[in-house]
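Please read the structure below before turning to the comments.
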Amino acid sequence: MFALIDCNNFYVSCERVFNPKLEGKPVVVLSNNDGCVVARSNEAKALGFKMGEPIFQRRDLVRANKVVVLSSNFRLYGDMSGRVMTLLSGFSPDYEIYSIDEIFLGLKGYEKWDLTEYGKQIREYILQGTRLPVSVGIAPTKTLAKIANFFAKRQVYLGGVQVFRQASDAKAKLMHVDVEDIWGIGRKWSSKLRQLGICNALDLANASAIEMRKKFNVMIAKTVLELQGTSCLDLEEVAPRKNILVSRSFGYKIEKFNDLREAVTNFATIAAEKLRGQHSYACGIMVFVRTNPFSQMASQYSNSICLKFVKETNNTVVILKSAVLGLQAIFRQGYQYKKAGIMLLDLVSNNTSQEDFFIDHDKLNNKVLMDALDEINDKYGKKTIQFAVCGVRKAWGMHQENISPAYTTNWQELLIVRAN
DNA sequence: TCTGGGGTCCTAGGACCC
DNA sequence: TCTGGGGTCCTAGGACCC
């Protein structure tokens, strides 16, 4: 048995914990740069706000319904996520943190328990510990647990917990799950499946895994088996990251090389800090830039380049040099750039790295300098010291009009409670 | 005016080997 | 006249997830 526990409207719920006035109101949280809707309260969903929708297209709806529109506060959500996961991981020795707001628990050996009751205990515990509402789905396979969670969230009478003890318990409900709402079935495949007359989860459960393997691929075949009750997807170990990507859309259009260089070197610095944070080394770097693909009038350009380091490294100096070199190679004068980013490639961990007889590893990586850098910035705040190439102009700055305080991660921004 | 960011996995095809 | 069989590795692109 697997349980999938998922925080309801996670980003909105995090905001409501510290700002209870938002309770009962339509609230949306936007992506970086205040671009798209990435989280909606139930009230906002009812008004018709869609996931991923650009907010500027819905200004009328916002005004007419006094919708609260918030910029995203990822430091807050990340910290709250950590708290939720710490509490949830206490409910089973086997678990897999699947995303910022979801966790799978392995419930092997819990079969005889009253699992509905267990689910309710989980909900109450998390609510008490964090004030965040969660939904619980329990079933014999991960895919069915996802579907159980789907109903736990939507059908109020369930009280936030749905258990399918066996695949057959789910059968009556599967026809109410559209094929595109099944875990692992996205837009492209669902339209192909619909052409074959497979429109909901029951249709797919009744399909033949072997046929689906032939017509599609092994992943859809596994989904079919999972819907039928044969578990194909196990809990996964937390694997170390294979790449680190840092990219941003700009709040303003950028044309000058120096401004773009400032942005790219800032991203590279952040990525290098993350890299050292997870005790890894990168073998190379990819740099990319692009103009605004939505702009009809402006001429378009997008390009990327990969560079290999002489030896794997986590040295900001080396990474910055390569980032600038890459940017020089792909930069073209005369375009309005809207987005850029860098990716550190093929990460390897400390202890698997092959030593080179002729290279002093610590020296190559400027270990003493990097340690000092990280320690200072850790203690006194981000960018207390930085490389000059990263600049101070910030011509590319993000739009963030309505961001909440870092309630849980900054002493200066703690919630203040006043007694009247 | 205005459209996110960060990931993973699978597959087909090409290059190469003997 | 006529040109095999069996394999690996790498990469780009496409799909998916939240």
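Numbered from 1 within each chain, the chains take letters A, B, ... in sequence-line order. These figures come from a predicted structure and were not determined experimentally.
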Checking contacts here: which listed nucleotide (dC2(B), dG6(B), dC18(C)) is nearest the side-chain heavy atoms of Ser247(A)? dG6(B)
If we ignore angles and hydrogens, is there a donor and acceptor under 3.5 Å between the side chains of Asn314(A) and Lys367(A)? no
Using a cutoff of under 3.5 Å, can you pull out all pairs of nitrogen or oxygen atoms linking the protein to nucleotides 11-15 of chain B, with atom names and distances?
none

Proximity to the side chain of Cys36(A) - top-ranked nucleotide from dT3(B), dC17(C), dC2(B): dT3(B)
With a non-hydrogen cut-off below 4.0 angstrom, is Tyr98(A) in contact with a base, only sugar-phosphate, or nothing? sugar-phosphate
Need one value for Ile182(A): base, sugar-phosphate or nothing, where a base atom within 4.0 Å counts as base even if backbone is also close, heavy atoms only. sugar-phosphate
For the atom pair CG (Asp203(A)) and CG (Leu174(A)), what is the distance rounded to the nearest 0.5 Å? 10.0 Å
Atom-to-atom span, CZ of Arg58(A) to C1' of dT3(B) - whole angstrom: 14 Å
Starting the side chain at C-beta, find the nucleotide from dG7(B), dG5(B), dC17(C) nearest to Ser249(A). dG5(B)
For the rings on Phe151(A) and His176(A), is their centre-to-centre separation under 6.0 Å? no
Atom NZ of Lys153(A) to atom C1' of dC18(C): distance rounded to whole Å? 11 Å
Counting only side-chain N and O atoms of Lys222(A), is one of them less than 4.0 Å from OP1 or OP2 of dC16(C)? no
Please pick, from dC18(C), dG6(B), dT8(B), the nucleotide with the shortest atom-to-atom distance to any side-chain atom of Asn243(A). dT8(B)
Let me know the distance between CD1 of Ile220(A) and P of dC9(B), rounded to the nearest Å. 18 Å
Check the distance between dC18(C)'s P and Met51(A)'s CE and give it to me in whole angstrom. 9 Å
How about Asp79(A) and Thr408(A): does a side-chain donor come under 3.5 Å of a side-chain acceptor? yes
Report yes if the distance between the aromatic ring centroids of Phe91(A) and Tyr118(A) is under 6.0 Å, otherwise no. yes
Check every strand shown and say whether Ile244(A) touches a base, only sugar-phosphate, or nothing at a heavy-atom separation below 4.0 Å. sugar-phosphate
When the distance from NZ of Lys188(A) to P of dC16(C) is rounded to whole Å, what number comes out? 8 Å
For the pair made of CZ in Arg241(A) and C1' in dC18(C), what is the distance, rounded to whole Å? 12 Å
Parallel, tilted or perpendicular for Tyr98(A) and Trp183(A), by the 30°/60° rule? perpendicular
